[in-house]
Amino acid sequence: NPPSDCPPDVEALGRGTWTLLHSIAASYPESPSMSQQSDLLSFVKLFSKLYPCWVCAEDFRTYIGREVPKVESRDDFGKWLCGAHNDVNRKLGKPEFDCSRWQERWRTGWKDGRCD
Ligand code: FAD
């Protein structure tokens, strides 16, 4: 039998969560209102307390303390989030992602028609 995804392990939880977080960035306005900016900042901070992989959450809180979340625009947030994801990639020995292309991966689709 293939490994079960029920309940999700740290990897399955991570993949699903990055999909949600990058998709929130992709749908965030280019020019958010003050209240949209403060909602996103609150969400990121609460997320960092509630994420149910506690060592992951602790490192993420440390990252937020070092690199303050940028919520002034879609591209600012998307690039900040990409940097946060790359920080985890480095820790896990995974390849770094080219953050100039985050919108192609998560919003518009790759120019060559791929999705990953
Ligand atoms: P994932 O890292 O889940 O990435 C999914 C897809 O996102 C990739 O296939 C790629 O297309 C795209 N992608 C990759 N990098 C970027 C980027 N920088 N920007 C935009 N898109 C990108 N796991 C641990 O073992 N220890 C931890 O401490 C840990 N901390 C985590 C903290 C957070 C906040 C989250 C959400 C997850 C954390 N994880 C941690 C899980 C880990 O990041 C991966 O999700 C998991 O290892 C599965 O990896 P994956 O190779 O399937 O791809």
Side-chain angles (χ1 to χ4, degrees):
N1 280 348
S4 166
D5 203 28
C6 164
D9 59 18
V10 170
E11 298 222 320
L13 178 69
R15 272 191 293 277
T17 301
W18 288 123
T19 298
L20 172 65
L21 292 174
H22 292 296
S23 299
I24 286 174
S27 70
Y28 190 62
E30 287 185 80
S31 300
S33 66
M34 291 313 285
S35 96
Q36 287 170 317
Q37 295 183 44
S38 101
D39 282 352
L40 184 57
L41 193 57
S42 301
F43 171 80
V44 171
K45 289 181 177 167
L46 284 171
F47 165 85
S48 78
K49 294 192 195 178
L50 296 170
Y51 189 59
C53 158
W54 312 123
V55 291
C56 306
E58 200 180 323
D59 285 356
F60 190 65
R61 287 196 297 275
T62 304
Y63 186 82
I64 288 177
R66 201 166 71 229
E67 298 285 340
V68 178
K70 292 206 178 80
V71 297
E72 293 81 2
S73 72
R74 175 191 297 155
D75 200 51
D76 282 339
F77 182 64
K79 290 210 169 86
W80 177 85
L81 187 63
C82 180
H85 195 162
N86 272 339
D87 194 58
V88 180
N89 289 341
R90 277 191 294 276
K91 184 170 75 172
L92 299 180
K94 293 179 195 276
E96 284 192 40
F97 188 91
D98 174 0
C99 290
S100 70
R101 308 192 74 181
W102 82 270
Q103 297 214 26
E104 273 183 78
R105 170 67 177 88
W106 294 105
R107 199 175 78 84
T108 60
W110 295 106
K111 295 205 174 77
D112 64 8
R114 284 176 306 140
C115 191
D116 199 14

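Read the numbers this way: they start at 1 and go in the same order the structure lists the ligands and their atoms. Position 1 is the first residue of the sequence; numbering continues from there.
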Proximal atoms of ligand 1 relative to [X] (non-hydrogen, under 4.0 Å):
| X | value |
| --- | --- |
| Leu92 | 23 (N), 24 (C), 25 (O), 26 (N), 42 (C), 47 (O) |
| Thr17 | 36 (C) |
| Val10 | 23 (N), 24 (C), 25 (O) |
| Glu11 | 46 (C), 47 (O), 48 (C) |
| Lys91 | 27 (C), 28 (O) |
| His22 | 19 (N), 20 (C), 21 (N) |
| Asn86 | 18 (N) |

Between [X] and ligand 1, which part of the residue brings a heavy atom under 4.0 Å of the ligand: side chain, backbone, both or neither?
| X | value |
| --- | --- |
| Trp106 | side chain |
| Glu96 | neither |
| Thr19 | neither |
| Asn89 | side chain |

* Heavy atom of Val88, distance to ligand 1 below 4.0 Å -> yes
* Asked: For ligand 1, is there an atom lying under 4.0 Å from some heavy atom of Trp102?
  -> no
[X] and [Y]: which non-hydrogen atoms are nearest, and at how many Å?
| X | Y | value |
| --- | --- | --- |
| Asp75 | Gln103 | OD1-NE2, 3.1 Å |
| Pro29 | Pro32 | O-CD, 3.6 Å |
| Ser48 | Lys45 | OG-O, 2.7 Å |

* Pair Asp76-Ser73, side-chain donor/acceptor within less than 3.5 Å -> yes
* If you round to the nearest 0.5 Å, how far is OG1 of Thr19 from CD1 of Ile24? -> 11.0 Å
* Between SG on residue Cys53 and CG on residue Leu13, distance to nearest 0.5 Å -> 7.0 Å
* To do: Kindly identify the option in Arg105, Lys94, Gln103 whose heavy atom sits closest to atom 51 (O) of ligand 1.
  => Lys94
* **Best match, Cys56, Gly83, Ala12: closest heavy atom to atom 32 (C) of ligand 1** => Cys56
* Asked: Can you check whether Cys82 has an N/O within less than 3.5 Å of an N/O in ligand 1?
  -> yes
* To do: For ligand 1, find out whether one of its N or O atoms is nearer than 3.5 Å to an N or O atom of Tyr51.
  => no
* Output field: ring centroids Trp18/His85 closer than 6.0 Å -> yes
* **Donor-acceptor pair, side chain of Asn86 and main chain of Asn89, under 3.5 angstrom** => no
* To do: Answer yes or no: is there a donor N or O on one side and an acceptor on the other, between the side chain of Tyr28 and the main chain of Val71, under 3.5 Å?
  => yes
* Asked: Does Leu81 belong to the same Ile/Leu/Val/Met/Phe/Trp/Tyr cluster as Leu92, with side-chain heavy atoms less than 4.5 Å apart forming each link?
  -> yes
* **Check against side-chain contact (heavy atoms from CB on, under 4.5 Å), Val55 and Asp59** => CA-CA 6 Å; Val55 291; Asp59 285 356; 5.6 Å; no
